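Following: one structure in structure tokens, then a few remarks.
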Amino acid sequence: MNWLILALVFWLAAWAANVAMVRSKWAETRLVRVVVPVIFGLTLVVAWEALVHAFNVSAAILPPPSAVADTFARSTGMLWEDFTQTVLKGALRGYFIGAAAAFGVAILIDRSPFLTRGLLPIGNFVAALPIVGVAPILVSWFGFDWQSKAAVVVVMVFFPVLVNTVQGLRETDVMLRDLMKTYAAGYFTTLWKLRIPAAMPFIFNGLKVGATLALIGAIVAEYFGSPTRGMGFRISTGVGSLSIDLVWAEIVVAALAGTLFYGVVAWFEKKVTFWHPSQRG
């Protein structure tokens, strides 16, 4: 009962603090926009801790955040090794390869009506394939190390970036294209000076979607074959050995890595597309 009272008191205090900040004259400041979700997240963690202790939930089902934090602190070396294997080697390399390939193919599609009619429908079909069906095939082709995980990420990132880039290149204002023609600008000059900059909001939409898919693809691919390291491998073996606190520690690392990765892409979007209405204010 004491744990439930503690959780309730903390929740009410955090709620009151959030309401006060939202209604204050500093509500639109960057500090408040950061503090409010942080306080809300802490209330969820405290409620989680309290409910687990109050109802005596087994650690094999749901460990308390304190146990997860203790495991995280004791396993930093292993967690860093898994992070390096899954994120730095598999997810990031696959992401950059897939995004670069998608951009190049988008230019070819823009130049060729045949590819537009032939490749895009196939791309939509491949993008709809479940990753659990594609991953085992790619693991058997590229082996159990990071190369197969990067290949899975390439497949997952390629088509969102491709579709958004092609759409962005098509959305360029017709009057601006005609203006470039009056300046005797060729295809590649128009592409570089006008169409690619105008397509950047669409391209970054695809890159942000790919950023969320890259880490998921790398982790899922490790379920189908991996050396004795990697986040997916550790989650799989942790569930099998009922080391659920270690599983949650890996989930925390994955959440932090995914949030940071998405934030970096969004930061670049803000710097590159500062002129777009969505970035104003």
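Bear in mind the structure is a predicted one, so any value in this text is a computation, not a measurement. Position 1 is the first residue of the sequence, and the numbers go up from there.
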- request: Write down the atom of Val247, the atom of Ile235, and the distance for their closest heavy-atom approach.
  value: CG2-O, 3.8 Å
- prompt: Who pairs with Trp192 by ring-ring contact (aromatic ring centres under 6.0 Å, His included), at least two apart in sequence or on another chain?
  reply: none
message: On a heavy-atom basis, which atom in Gly206 and which in Val161 lie closest, and how many Å separate them?
response: O-CG2, 3.7 Å
Side chains of residues 252-266: which donor-acceptor partners sit under 3.5 Å, not counting sequence neighbours?
residue, atom, partner, partner atom, Å
Thr259, OG1, Ala255, O, 2.8

- request: State yes or no: do Val154 and Val166 share one hydrophobic cluster built from I, L, V, M, F, W and Y residues joined by side-chain heavy-atom distances below 4.5 Å, directly or via other members?
  value: no
Shortest non-hydrogen separation from Ala214 to Val153 and the atoms involved: O-CG2, 3.3 Å
- request: Please report the shortest heavy-atom distance between Thr212 and Val209, naming the atom on each side.
  value: OG1-O, 2.6 Å
- prompt: Is there side-chain contact between Leu213 and Pro160, with heavy atoms separated by less than 4.5 Å?
  reply: yes
- prompt: Roughly how far apart are Trp141 CH2 and Ile137 CD1, rounded to 0.5 Å?
  reply: 6.5 Å
message: Applying a strict under-4.5 Å side-chain criterion to I, L, V, M, F, W and Y, I'd like to know whether Leu138 and Phe233 cluster together.
response: no
query: Any chain of hydrophobic side-chain contacts (each under 4.5 Å) joining Val157 to Phe202?
result: no
message: Same cluster or not: Ile219 versus Phe224, using hydrophobic residues (I, L, V, M, F, W, Y) connected whenever any side-chain heavy atoms lie under 4.5 Å apart?
response: yes
task: Please check if the side chain of Gln85 supplies one atom and the backbone of Gly230 the other of a donor-acceptor pair under 3.5 Å.
output: no
message: I'd like to know if the side chain of Thr86 and the backbone of Met231 have a donor-acceptor N/O pair within less than 3.5 Å.
response: yes
task: Determine, step by step, whether Leu162 and Ile109 satisfy the side chain to side chain contact (heavy atoms under 4.5 Å, CB included) criterion, reporting the C-alpha distance in whole Å, the side-chain angles of both residues, the deciding distance to 0.1 Å, and the verdict.
output: CA-CA 9 Å; Leu162 174 67; Ile109 288 176; 3.9 Å; yes
field: Contact summary for Pro63 and Val68, nearest pair of heavy atoms
entry: CG-CG2, 4.0 Å
query: Should the heavy atoms of other residues, nucleotides or ligands under 6.0 Å from OH of Tyr223 be counted, would the total exceed 12?
result: yes
- prompt: Any donor and acceptor pair, going by atom type alone, linking the side chain of Lys149 with main-chain N or O of Asp145 inside 3.5 Å?
  reply: yes
- prompt: Taking only residues at least two apart or on different chains, which pairs with a member in residues 230-255 satisfy side chain to side chain donor-acceptor pair (under 3.5 Å)?
  reply: Thr71-Asp245, Asp82-Arg234, Ser241-Ser243
task: Please identify each residue that fulfils side-chain hydrogen bond (donor to acceptor under 3.5 Å, both in side chains) with Arg170, with sequence neighbours left out.
output: none
Solution key, residues 87-97 side-chain donor-acceptor pairs under 3.5 Å, sequence neighbours excluded:
residue, atom, partner, partner atom, Å
Tyr95, OH, Leu207, O, 2.9

query: What about Leu51 and Leu62, same hydrophobic cluster or not, with Ile/Leu/Val/Met/Phe/Trp/Tyr joined at side-chain heavy-atom distances under 4.5 Å?
result: yes
- prompt: Ser66: what forms a side-chain hydrogen bond (donor to acceptor under 3.5 Å, both in side chains) with it, not counting sequence neighbours?
  reply: Glu49
query: With Gln147, which residues qualify under side-chain hydrogen bond (donor to acceptor under 3.5 Å, both in side chains), at least two apart?
result: none
message: Can you list everything that forms a side-chain hydrogen bond (donor to acceptor under 3.5 Å, both in side chains) with Asn164? Sequence neighbours excluded, please.
response: none
field: Listed once per pair and sorted, the salt bridge (Lys or Arg N to Asp or Glu O under 4.0 Å) pairs that draw on residues 61-81, sequence neighbours left out
entry: Asp70-Arg74
task: Could you check Ile196 against Thr165 for side chain to side chain contact (heavy atoms under 4.5 Å, CB included), going step by step and ending with a plain yes or no?
output: CA-CA 9 Å; Ile196 290 178; Thr165 302; over 6 Å; no
Side chain to side chain contact (heavy atoms under 4.5 Å, CB included) assessment of Leu246 paired with Met78: CA-CA 10 Å; Leu246 179 59; Met78 180 176 61; 3.5 Å; yes
- line: Residue pairs passing the side chain to side chain donor-acceptor pair (under 3.5 Å) test with at least one member in residues 195-206, sequence neighbours excluded, are Asp110-Arg195
- request: With sequence neighbours excluded, give me every salt bridge (Lys or Arg N to Asp or Glu O under 4.0 Å) pair touching residues 198-218.
  value: Lys208-Glu269
- prompt: Do any pairs count as a salt bridge (Lys or Arg N to Asp or Glu O under 4.0 Å) and have a residue in residues 251-267, sequence neighbours left out, and if so which ones?
  reply: none
query: What is the minimum heavy-atom distance between Pro64 and Trp48, and which atoms define it?
result: CA-NE1, 4.2 Å
